[in-house]
Protein chains: 2
Amino acid sequence: MDISEVAKKSGLPASTLRYYEEKGLIRSIGRQGLKRVFPPSILERLALITLGRNAGFSLDEIADMFTPEGKADIDRAKLQSKGDELNETIKHLTAMRDGLYHAAKCPAPSHFECPTFQKLLKRAAKARPEK
Amino acid sequence: MDISEVAKKSGLPASTLRYYEEKGLIRSIGRQGLKRVFPPSILERLALITLGRNAGFSLDEIADMFTPEGKADIDRAKLQSKGDELNETIKHLTAMRDGLYHAAKCPAPSHFECPTFQKLLKRAAKARPEK
DNA sequence: CTACTAGTTCAAGTTAACTTTAAGTCAAGG
DNA sequence: CCTTGACTTAAAGTTAACTTGAACTAGTAG
């Protein structure tokens, strides 16, 4: 597959694919002339990267978790602790979501008069979650 | 209150407070010499801003939520849709977390050979929302 | 009065994740 | 052979949300 085919199938622009390659997140298996040639498995690899991005991991973190081949050694302890970390984040976000939903329906004339909203504000002041 | 007191009480660095003022998110009520003077209510306002940030609003979006007079005027529909957005994110995070936990324990030589991991990837490929 | 401290301004720097631009290359069609 | 179009590179530009640096000032302690 050439880059435009990968772009089309993955939904990612070619510039992004080149950028990912430069960053070491993906690899082409060769060239035809100047053009990069990718194996079909690249799509799976990109799906994995996308998954990580959606979950809020940085490209560096993703690169860190998986070898360029996507194959062997993923440090299992690292995965476990990333999972734990993620779990904490989920808790924060869930609280935030519930707060937002409540505020959206709350009949108090001003959000500031609603105790749930107040609580949310206090929690927000405390919570300093990573991005 | 001077800026360092606000910084201390809000947990935000002075540079951020100056930046927020420049952006029009907060206002000082005057000066003592060169120094900005803030009213106590600034803290609630900052908490609100922090809440918004944590909920995924951009500073510009937050600025939009305040009326020209500086009173907060939060559109309930916006809260609802941010809640929905957050909910989507939570789903992604949850999928990722489950995937990480599974991968941490999975005995398959490559994660790509594991059906659970495959399923996860497929779910990730589907999700193509925000940002 | 002089020094010190905590504030000030404005401009420039930072980071992440890309995108854009300019200039160049190669294979294919006419 | 020449043009076209898809691809290439390297470098610079973009955006958000800040942070940092340099040069400056006002109130206060001694």
Side-chain angles (χ1 to χ4, degrees), chain A residues 1-39 42 45-66 68 124 127-131, chain B residues 1-39 42 45-66 82 85 89 92 124 128-131:
Chain A
M1 293 203 285
D2 71 0
I3 205 170
S4 64
E5 197 176 348
V6 177
K8 200 172 156 222
K9 289 191 176 159
S10 69
L12 297 168
S15 62
T16 299
L17 299 176
R18 287 189 206 102
Y19 176 68
Y20 281 0
E21 189 186 42
E22 196 185 338
K23 275 232 130 189
L25 281 126
I26 59 174
R27 264 172 45 196
S28 60
I29 52 176
R31 299 282 178 127
Q32 258 177 22
L34 273 189
K35 307 184 181 183
R36 287 167 180 81
V37 177
F38 294 98
I42 192 73
R45 174 94 188 149
L46 288 169
L48 182 57
I49 293 169
T50 298
L51 171 63
R53 296 279 302 117
N54 284 345
F57 289 98
S58 72
L59 294 182
D60 284 349
E61 283 175 308
I62 293 168
D64 227 36
M65 270 187 267
F66 305 98
R128 291 231 132 273
E130 32 69 68
K131 220 204 159 163
Chain B
M1 294 204 284
D2 70 1
I3 205 170
S4 64
E5 197 175 348
V6 176
K8 199 170 157 224
K9 289 189 177 159
S10 69
L12 297 167
S15 63
T16 299
L17 299 175
R18 286 189 206 102
Y19 176 69
Y20 281 0
E21 189 186 44
E22 197 186 337
K23 275 232 130 189
L25 280 124
I26 59 173
R27 264 170 46 196
S28 58
I29 50 176
R31 297 284 178 126
Q32 257 175 24
L34 274 189
K35 305 185 180 181
R36 287 165 181 81
V37 178
F38 294 99
I42 193 74
R45 180 123 173 159
L46 288 170
L48 186 55
I49 292 169
T50 298
L51 170 63
R53 296 279 300 117
N54 286 344
F57 289 98
S58 71
L59 294 183
D60 284 349
E61 282 176 307
I62 293 168
D64 270 359
M65 291 178 191
F66 293 105
K82 276 295 168 182
E85 229 174 79
T89 302
H92 291 148
R128 201 128 255 322
E130 44 110 31
K131 225 161 201 185

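Throughout, protein chains are lettered first and strands after them, A, B, ... in sequence-line order, and every chain is numbered starting at 1. Given the structure is predicted, the values throughout are model-derived calculations rather than measurements.
In this structure, Arg53(B) places its CZ atom 8 Å from C1' of dA16(D), rounding to the nearest Å. In this structure, the CG atom of Leu12(A) is 8 Å from the P atom of dC18(C), given to the nearest Å. dT25(D) atom P lies 20 Å from atom CG of Asp2(B), rounded to whole Å. Straight-line distance from the CD atom of Glu22(A) to the C1' atom of dA16(C): 13 Å, rounded to whole Å. Between Lys23(A) atom NZ and dC18(C) atom C1' the separation is 11 Å, expressed in whole Å. One can place OH of Tyr19(A) at 21 Å from C1' of dC7(D), the figure rounded to the nearest angstrom. When rounded to the nearest whole Å, the span between CD of Gln32(A) and C1' of dA27(C) equals 10 Å. Protein atom NZ of Lys8(B) is 17 Å distant from nucleotide atom C1' of dG7(C), rounded to whole Å.
Put simply, Ser4(A) has a side-chain N or O that comes within less than 4.0 Å of OP1 or OP2 on dC7(D). Of the side-chain N and O atoms in Thr16(B), none sit less than 4.0 angstrom from OP1 or OP2 of dA17(D).
If you check dA6(D), dT20(D), dT9(C) against the side chain of Arg36(B), the one that comes closest is dT9(C). Residue Ile3(B) places its side chain closer to dT8(C) than to any other of dA17(C), dT8(C), dT9(D).
Counting any heavy atom pair closer than 4.0 Å across all strands shown, Ser15(B) reaches a base atom.
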Self-check item: Pair Leu59(A)-Arg53(A), side chain to side chain contact (heavy atoms under 4.5 Å, CB included): steps then yes or no
Solution: CA-CA 7 Å; Leu59(A) 294 182; Arg53(A) 296 279 302 117; 3.3 Å; yes

Quiz item: side chain to side chain contact (heavy atoms under 4.5 Å, CB included) between Val6(B) and Ile26(B): does it pass, once the steps are laid out?
Solution: CA-CA 12 Å; Val6(B) 176; Ile26(B) 59 173; over 6 Å; no

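A side-chain N or O of Ser4(B) and one of Asp2(B) form a donor-acceptor pair less than 3.5 Å apart.
Both Arg31(B) and Gly33(A) sit near DNA chain C, but only Arg31(B) has its closest nucleotide nearer the 5' end. Each of Leu34(A) and Glu21(B) has a nearest nucleotide on DNA chain C; the 5'-most of these lies closest to Glu21(B). When each of Lys35(B) and Tyr20(B) is assigned the nucleotide of DNA chain D with its nearest heavy atom, Tyr20(B) is the one assigned upstream, toward the 5' end.
Between Glu22(A) and Arg18(A), none of the side-chain N atoms (NZ, or NE/NH1/NH2) sits under 4.0 Å from a carboxylate O, so this pair counts as no salt bridge.
Relative to the ring axis of Tyr20(B), Arg45(B) does not place its NZ or CZ within 45° and under 6.0 Å from the centre.
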